[in-house]
Number of protein chains: 4
Amino acid sequence: MEVDIIIKNGKIVTPSSIVEAGIAIDKGRFVAIAEEQNLPTAREVVNAKGNYILPGIIDEHVHTLDMGMAETNENFITGSMAAAAGGVTTVFEMPLCIPATTTLRAFQQKREVADKKFIVDFAFWGGAVPGNIDEIPKMVDAGAIGFKAMMAGSVPGVFEVLDDGMLLDAFRMIADCESVATVHAENEVILNHLMKKMKAESKKDIHAFFEACPVLEEVEAISRAAMLAEEARCRLHIVHVSCPQGVEIVYKRREEGREITCETGPHYLALSQEDGDRLGPYLKFAPPVRSKEETEKLWEQLAEGKIEALGSDHGPHPKENKEKGWADIWEAGNGAIALESFLPVLLSEGVNKGRISIQNLVSLVCENPAKLFGIYPQKGTIQVGSDADLVIVDMNKEGVIDAQKFHSLHKHSPFDGLEIKGMPVLTMVRGKVVAEEGNVTGEPGYGKFVRP
Amino acid sequence: MEVDIIIKNGKIVTPSSIVEAGIAIDKGRFVAIAEEQNLPTAREVVNAKGNYILPGIIDEHVHTLDMGMAETNENFITGSMAAAAGGVTTVFEMPLCIPATTTLRAFQQKREVADKKFIVDFAFWGGAVPGNIDEIPKMVDAGAIGFKAMMAGSVPGVFEVLDDGMLLDAFRMIADCESVATVHAENEVILNHLMKKMKAESKKDIHAFFEACPVLEEVEAISRAAMLAEEARCRLHIVHVSCPQGVEIVYKRREEGREITCETGPHYLALSQEDGDRLGPYLKFAPPVRSKEETEKLWEQLAEGKIEALGSDHGPHPKENKEKGWADIWEAGNGAIALESFLPVLLSEGVNKGRISIQNLVSLVCENPAKLFGIYPQKGTIQVGSDADLVIVDMNKEGVIDAQKFHSLHKHSPFDGLEIKGMPVLTMVRGKVVAEEGNVTGEPGYGKFVRP
Amino acid sequence: MEVDIIIKNGKIVTPSSIVEAGIAIDKGRFVAIAEEQNLPTAREVVNAKGNYILPGIIDEHVHTLDMGMAETNENFITGSMAAAAGGVTTVFEMPLCIPATTTLRAFQQKREVADKKFIVDFAFWGGAVPGNIDEIPKMVDAGAIGFKAMMAGSVPGVFEVLDDGMLLDAFRMIADCESVATVHAENEVILNHLMKKMKAESKKDIHAFFEACPVLEEVEAISRAAMLAEEARCRLHIVHVSCPQGVEIVYKRREEGREITCETGPHYLALSQEDGDRLGPYLKFAPPVRSKEETEKLWEQLAEGKIEALGSDHGPHPKENKEKGWADIWEAGNGAIALESFLPVLLSEGVNKGRISIQNLVSLVCENPAKLFGIYPQKGTIQVGSDADLVIVDMNKEGVIDAQKFHSLHKHSPFDGLEIKGMPVLTMVRGKVVAEEGNVTGEPGYGKFVRP
Amino acid sequence: MEVDIIIKNGKIVTPSSIVEAGIAIDKGRFVAIAEEQNLPTAREVVNAKGNYILPGIIDEHVHTLDMGMAETNENFITGSMAAAAGGVTTVFEMPLCIPATTTLRAFQQKREVADKKFIVDFAFWGGAVPGNIDEIPKMVDAGAIGFKAMMAGSVPGVFEVLDDGMLLDAFRMIADCESVATVHAENEVILNHLMKKMKAESKKDIHAFFEACPVLEEVEAISRAAMLAEEARCRLHIVHVSCPQGVEIVYKRREEGREITCETGPHYLALSQEDGDRLGPYLKFAPPVRSKEETEKLWEQLAEGKIEALGSDHGPHPKENKEKGWADIWEAGNGAIALESFLPVLLSEGVNKGRISIQNLVSLVCENPAKLFGIYPQKGTIQVGSDADLVIVDMNKEGVIDAQKFHSLHKHSPFDGLEIKGMPVLTMVRGKVVAEEGNVTGEPGYGKFVRP
């Protein structure tokens, strides 16, 4: 039988091996992995040119915003163009948008917009905020991938912090729904206390921001969230862990049998406080980067399997907003434009510099997130029957992260100017090429909603 | 040379042995430990009748209040009469009085009143509250034994809770002063959250109170306080740990090299939630008692040396106040009248029931607190040169805890009616008998201020 | 292109998923995994009838003996018939044969015999014995899969124990050769001491044997071997761990970063000392089975991933030899006939009783041993390019372990009579069906030597 | 009443404080601790000149040999003169003499000789050797302080090694007798293996000896002994632990609740392999010294309380015997002359260099060994009723370890020439001065046998 596409001359990377074989795709799914002469005939042939073929990348932690912020910050079209160009085939959208994804209604409304705009596939995190506990089961039914709560960093009127009592209730509800919780783990009280102190001392540069967010305030919050989740018997996934101390807390508890996992991201791995003077407000995101030494320890923990997943924490602001932070760091927004550089930075700084293997990477950004959030084997793997999401990467291709060329609405990045070796050259979602050599060929509305 | 007093026919208990020897006392200090024929001559001879002689008991955790609450709750005369009758020779007064001991001025004012009224010796805890950080070094100079902060249980306008940011600052200041911090460790947010829930459900009995104070909210706070103190490199002593889980947290961190210790008390050891129906509001103190099973585990931890000290947490309220709690537990005050029964309960339930040895007890209520708070060897030991504080205990004397006979201003106790074997028969402070067979013979103003 | 075989209508089991797809095989290797309509055409079609298809089972621990014991105990033909019938496609032959596989010459000699007789594929363990250290690198070059040493259980003149000094030297040599060591971990001194005591007391039944082999003597040896291997920086795989205590020692050291792994087997999982009276000498193997309670703990450890691999420890003796043990346990040989029942017992007692998943099983007897011993992905996985070894299992097929029908030279088993649900129905080695429904269709000489 | 002696003007050191008080002694026991004006009158007054007064030192690990080696190696007169001069008031004699203390008869015979010769008090270790298990309870009845077994270092025909099976039996018997076991913990097999290798390579200097005794062979034996003792539920005290790794093993098991303790000695603390060239055969004792770095770690462990006791392991050989080791280390005997320098080295290198406090020292060489071996409070403390054993130490007195002046039969020492600050100036046993300023004034036969 003739199929839609076959891919020849590539090396398929799985968490445990690298297989030289061709791939056949039909109606959006993988239908054969075979030696080339045993592939079915196809209407279209893609030549992988000897490159690695990875399952499509899942970025489990993205703010593409849209709706109330579609014009000002980012929207599902620009955001998913960035994803496609960067090799990301499934995006887990965070609930901190306007309106926030904290009710079934807002969930459905976001869904409607997303269905029309997304170029790559997408899932939605629900939000847990004060007073919305009864919406949680409804959003589970509507397909939420998990639920995010903030322990610090309230957006007043939009997405407010849960105090420990509410968090415990939310965890119990999430556990009842057999879903998974995540938290933004910072100790809000300490954060505010130190920020006030910095301001009182007229400290206004990025180092003041670092000083206001010491490791302690993050690890304390991680530890507290873990204790509450354990009491509630709720699966907990700590996002954007910035420091090795935080990873150790999670790892030890997991070793003791608790269902707790964590995520870090390229910005915590390839940037550090030593870059503060150079990057100023472009390093403002929370929790902040740590020291170079801690950064290297994080890479080791990745290689040792102590960290389950990676997320870009793409969080876009206009350049003017960030630029204000040079004069007064407290004026700049938190977040970095990070989706399009996500995979290139990991390939270059991680795989090509020998810190992690390409197979580790496939575990971290394909198989693990798919399994953690219940979308495996639909996503996260190249095997017969799975969605034909893949990215071909050329490990020898050299370039530079150039924010001007980003597809995001705004054109800046803490990685701007970073020399890169190892880049995605073709991104395919359900059998359709959505980007090739940096050019986005997918169309808004092609992306589909993914649910656990 | 003729001395003031000699004590014959007793067995001196130390943490490591029991010595049959006489004691000579002169000018308020021990001047000889000797076989009886080698004692100096004395103006007065006390016959210990073959009983154990313990160093005078230190109760490191007492609210004798006075001043603003002298008429309503307790005062230094009635409180220290209870101490004397109960074998306690040094009382560490807590700062939660009116005015609270949170400024040098309040400290001095309390000192003036105490100097005139105390029958036994006394030390003062200072308080750490919002805004008083500069008073801490002044109170250290004035002789504060350590500093107490509340993580929950604000008394508005009197003694308010420190949030985590303030607590960190306070710990840093206390560490700078080389003093020691203690905390009331409960998670205020969870506590209030659950209390509100109980009230909303019209739950009003003691079991609702227990339900509002789960083990989690205490151990989370212990864990958090420990992390903050460690960051500040501050010595931390967790008072009134109610549960074995809390002790384990403290013990593990100490084993890892941190300066952290803890206290429990007879009410957590000899009472449990199983007594709830019988005792109702008389079991209302915070943190609450736990299950019988947890209680037994606490005794084991005491015997294993995992707990350093014991305190009565004497916290008096009028009987009317407590009685209101039968109808509505939320109306009753937190606290129990506990000073006079402190030693008898430990002798009877602990030593005579074989759970701890008499030598363990001397470590826990004499030597350890004296060392932890820097008043050793002035207090806490029977050795030449030390203050002649002692208590003679008759391990075979039987009786009943009878709150009607308490010297405290109010006459109630969760232990009322408990059959006891093992009681103090003579209490001596600096060479003066202040109580004998339950009769207080000491006089107000005899007690002296003790400082580290 | 037409291929040799396709398999339709099966479910391929991998460690992380179950894939409904067809398989194409050509020239002994998997050439396609594909939806059935996308499979190439084939000369032969196998219908898997909806059953699971597992990668061919690797039994990493087998004594098929032959040569000096070919007539008396077992030989490569009967042994590999048992393997094929039981779903085992690769056998790791142990070196305790006559002549022992402890020199290059013996290795080659065994190879010559095996090449002619084996029906399934095979690898060879080398032996480390006193005086043969220089043979180790030669046997590595000849393809040894790893090296086995005995800490107890000398066969005088054939395969003698290494003392701790020799073991250290052997571990160093094995580490230099980048090979892997295994040990029979028992404390020979304690074993002999207790055996002598039993004999002196005229204790002669299986319980005396159990008494002579307490958990202590095994775990002490495991601990000692681990310390020596660590000193030598040698990878160590402890075979036939019989007790959860031993697994914990291995697991803890691995968690601390050492390269140490372990194996247990169905006889330790599905039999216990409680079966002693019933099975007598048929339970005589070393180390012995443990209590039912320990057995259940072993299953838990398997499910938790604390144990990496499973081996049958097939160790055949004539029935007469075993039967002597009823009168005098010390007269019976150590070992059980276990190869043919290996997979059925695991399917029935493990998978069908819900103790482990079918995917766990594929990790334990396919992927893990292949990876541990460097033959992955040639063996242990169903993926394009790998050897077309597989076994189709019918999880609903019921039967009874009937030793009379065993293909081994001798017809007995501790599992004889065990009711089974879940059995292999077709075994394929490199594209050739070697057994079907218990009938061996493979031919001697078909099996190939496998090397790391 | 007039007493025999009073000591004025000293500072009594206890594990928890330093008391300025006088001491009265009568009939060999302490009868008063008192301020000087409250001491009874005395026939004799000793002026401590402001120095520290320590309880008499217990050296729990001494070979004073006598009998078959009285003329050649050491005897109870010369040995106990060394003890007295060095501040040691109680010696625990090891059983490795001729005849070995392994039978009741030998025990009694040794007792007869010792009763006549010892100047200071003494206790006897019994020996556990092959075949003497029934003698153990008899020696317990005769007063053995504990039992020593050798895991390595057999003296053929005199004192042979127990293999693991015998060790387990011995531990069980010792546990039944409620006594305490100790072991010489080295792995004999590895030791012999490496020694043979060294000899084969014609390595003959002290570094060859060090190479033959790696840390591994000691810690493996400690670990094994611990496992066996635990199985037998026997209290175990590991003597002469030479390395921090060994201490950690003991410490961890004790933390897990096992009754296991350990000893190290001044030679492991103040000497290291870096002294090898300088000291050659005078560093030959087993286990050997370790690196300077490990030495410093041992001091830290002492200060942290991870090591319970100290012993000199005094093991005398003629100088000619040791000197042979310069040419061929294998010709020299194991052991050093160490009793007289025991306390001075600890005072100088430990206390005066700030590594441990004088109070730590009193725990380590007075109170702890007395308690561990059941002779407290008769020995190990200055308190009323206890034996009047004490040593006055002048912490400012400077000198040099001069082996020529040793009272031992032979005049050599690895510490010879070491500059010392801090020395004993008066040693008293049961109220009698047995040495003063290095001159022995005690008489043979004064020393008394001490039993648990």
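Chain A is the first sequence line, chain B the second, and so forth, proteins listed ahead of strands; every chain is numbered from 1.
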Enquirer: Check whether any side-chain heavy atom of B:Val140 lies under 4.5 Å from a side-chain heavy atom of B:Phe147, and answer yes or no.
Expert: yes
Enquirer: Roughly how far, to the nearest 0.5 Å, is the OG1 atom of A:Thr264 from the NE2 atom of A:His61?
Expert: 11.0 Å
Enquirer: In Å and rounded to the nearest 0.5 Å, what is the CD to CG distance from A:Glu231 to A:Leu167?
Expert: 12.0 Å
Enquirer: Rounded to the nearest 0.5 Å, how far apart are CZ of A:Phe210 and CG of A:Leu194?
Expert: 15.0 Å
Enquirer: Give, for atom SG of A:Cys262 and atom CG of A:Leu236, the distance between the pair rounded to the nearest 0.5 Å.
Expert: 10.0 Å
Enquirer: Non-hydrogen atoms of chain A under 4.5 Å away: do they reach the side chain of B:Asp169, the backbone, both or neither?
Expert: side chain
Enquirer: Would one find more than 12 heavy atoms of other residues, nucleotides or ligands at under 6.0 Å from atom CD of A:Glu259?
Expert: no
Enquirer: Considering heavy atoms only, which positions within residues 218-229 of chain B lie below 4.5 Å of chain A?
Expert: B:Val219, B:Glu220, B:Ser223, B:Arg224, B:Met227, B:Leu228
Enquirer: Does any heavy atom of chain B fall under 4.5 Å from the side chain of A:Asn187, the backbone, both, or neither of them?
Expert: side chain
Enquirer: Residues of residues 287-308 of chain B under 4.5 Å from chain A (heavy atom pairs)?
Expert: none
Enquirer: Atom CG in A:Leu283, atom CD1 in A:Ile329: separation rounded to 0.5 Å?
Expert: 8.5 Å
Enquirer: Considering only NZ, NE, NH1 and NH2 on the basic side and carboxylate oxygens on the acidic side, decide whether B:Glu331 and B:Lys204 come within less than 4.0 Å.
Expert: no
Enquirer: Below 4.0 angstrom, N of the basic side chain to O of the carboxylate: do B:Glu135 and B:Lys138 qualify?
Expert: yes
Enquirer: Could you give me the CA-CA distance, side-chain angles and deciding distance for B:His240 and B:Glu263, then say whether side-chain contact (heavy atoms from CB on, under 4.5 Å) is met?
Expert: CA-CA 5 Å; B:His240 54 46; B:Glu263 166 206 297; 4.1 Å; yes
Enquirer: Could you measure the distance from the CE atom of A:Met195 to the CZ atom of A:Phe209? Nearest 0.5 Å is fine.
Expert: 7.0 Å
Enquirer: Count the heavy-atom pairs under 4.5 Å between each of A:Glu188, A:Lys197, A:Lys196 and chain B, then report the option with the highest count.
Expert: A:Lys197
